[in-house]
Asks: 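A single structure is presented below for examination.
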Amino acid sequence: DIQMTQSPSSVSASVGDRVTITCRASQGISNWLVWYQQKPGKAPKLLIYAASSLQSGVPSRFSGSGSGTDFTLTISSLQPEDFATYYCQQTNSFPPTFGGGTKVEIK
Amino acid sequence: EVQLLESGGGLVQPGGSLRLSCAASGFTFSSYAMSWVRQAPGKGLEWVSSISPSGGNTYYADSMKGRFTISRDNSKNTLYLQMNSLRAEDTALYYCAKETGGAAIGPLDYWGQGALVTVSS
């Protein structure tokens with residue numbers, strides 16, 4: 001199975017900050033990488049697919065990059081509604097494994 | 001509007017069985033792969049199983065293989081997860097999710113609200 005490792009596991013940031021979350025795959029997955037956002041008590045929401053393609057309706061302050069084994073999710077200017085937990089998932093091969101999550105907290 | 005509504009969760013004893021259902025609406029159900037993803041209390045997301053649009057291809061996480069069965073009834077727009085030989089570690093919120101395409105491994109663009117399964121004596 002492909003292991004997905006996210007870092008950091010949590011980050012404290014202020015409104016307006018630039019936040020970067022990293023996801024590393026244990027083997028190359030090309031650009032088969034998805035990012036989700038999950039708020040407490042809610043289902044996950046698709047943010048980015050194919051490593052860098054923004055899902056319809058997702059604000060442009062979210063962006064994704066990377067290929068192979070190293071990927072990043074960047075929030076260019078953190079907004080109050082962005083405080084949540086973010087998960088990466090590889091969709092290169094079964095099982096489609098998730099990273100452990102990164103919680104973005106208010107500083 | 002796409003809607004996914006899970007049902008069938010509850011409290012079950014170790015070794016017992018439960019069947020989850022997910023009623024879908026707002027899209028052409030038979031055209032999309034579907035998945036189950038679970039989340040143990042306070043933990044991260046774990047993929048459970050996926051099924052192709054026709055139901056002809058199914059996929060499982062190793063820890064669920066042989067115990068869980070995913071199926072779908074395209075005439076009823078409903079996805080199922082039959083769970084047998086349940087263990088305490090299967091306790092989780094089980095989400096039904098729609099894939100963006102038909103590959104059964106693609107991004108999941110719509111999710112239900114989840115069905116809580118608690119395995120305890």
Side-chain angles (χ1 to χ4, degrees), chain A residues 1-10 21 23-25 29-58 62 64 71 73 84-105, chain B residues 1-6 9 20 22 24 27 32-52 57-66 68 70 79 92-116:
Chain A
D1 297 1
I2 298 174
Q3 307 303 315
M4 305 300 293
T5 303
Q6 285 184 237
S7 60
S9 57
S10 67
I21 298 168
C23 180
R24 175 164 290 175
I29 59 170
S30 184
N31 69 336
W32 299 107
L33 194 283
V34 179
W35 290 98
Y36 299 94
Q37 175 195 66
Q38 186 180 33
K39 296 181 180 180
K42 300 294 187 181
K45 172 187 175 183
L46 176 63
L47 294 179
I48 288 171
Y49 61 94
S52 60
S53 296
L54 201 64
Q55 174 68 358
S56 175
V58 174
F62 290 94
F71 303 87
L73 172 70
T85 300
Y86 294 84
Y87 294 93
C88 63
Q89 182 196 26
Q90 64 84 14
T91 58
N92 178 77
S93 61
F94 284 100
T97 40
F98 289 90
T102 296
K103 187 173 184 179
V104 177
E105 300 174 297
Chain B
E1 179 192 4
V2 172
Q3 290 193 340
L4 299 170
L5 186 61
E6 299 99 335
L20 303 182
C22 173
F27 65 102
Y32 295 91
M34 299 292 294
S35 294
W36 290 96
V37 175
R38 72 183 184 183
Q39 188 168 36
K43 302 297 184 183
L45 301 172
E46 181 182 21
W47 173 78
V48 172
S49 180
S50 296
I51 188 167
S52 62
N57 293 299
T58 58
Y59 308 88
Y60 300 92
D62 283 347
S63 59
M64 292 86 172
K65 214 171 286 185
F68 290 11
I70 191 172
L79 175 72
L93 188 63
Y94 285 73
Y95 291 105
C96 157
K98 168 190 168 292
E99 196 195 290
T100 56
I105 195 174
L108 303 171
D109 58 354
Y110 289 94
W111 298 61
Q113 85 291 347
L116 183 61

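In the text below, chain A, chain B and the rest are named by the order of the sequence lines, each starting its count at 1. Bear in mind the structure is a predicted one, so any value in this text is a computation, not a measurement.
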Asks: Under 6.0 Å between ring centres, would you say that holds for A:Phe94 and B:Trp47?
Replies: yes
Asks: Side chain of A:Gln38, backbone of A:Ala84: donor and acceptor closer than 3.5 Å?
Replies: no
Asks: Under 4.5 Å from any heavy atom of chain A, what part of B:Ala97 do you find: side chain, backbone, both or neither?
Replies: neither
Asks: Looking at A:Ser93, A:Ala43, A:Gly41, which has the largest count of heavy-atom pairs under 4.5 Å with chain B?
Replies: A:Ala43
Asks: If the plane angle is over 60° it's perpendicular, under 30° parallel, otherwise tilted; pick one for B:Tyr94 and B:Phe68.
Replies: tilted
Asks: Could you look at B:Glu46 and say if it's the side chain, the backbone, both or neither that has a heavy atom under 4.5 Å from chain A?
Replies: backbone
Asks: So what's closer than 4.5 Å to chain A heavy atoms on B:Ser49: side chain, backbone, both or neither?
Replies: neither
Asks: Counting heavy-atom pairs under 4.5 Å with chain B, which one of A:Pro44, A:Pro95, A:Gly101 comes out on top?
Replies: A:Pro44
Asks: Quick one: sort the A:Tyr87 and A:Phe98 rings into parallel, tilted or perpendicular, breaks at 30° and 60°.
Replies: perpendicular
Asks: When the ring centroid of B:Tyr95 is compared with that of B:Trp111, is the distance short of 6.0 Å?
Replies: yes
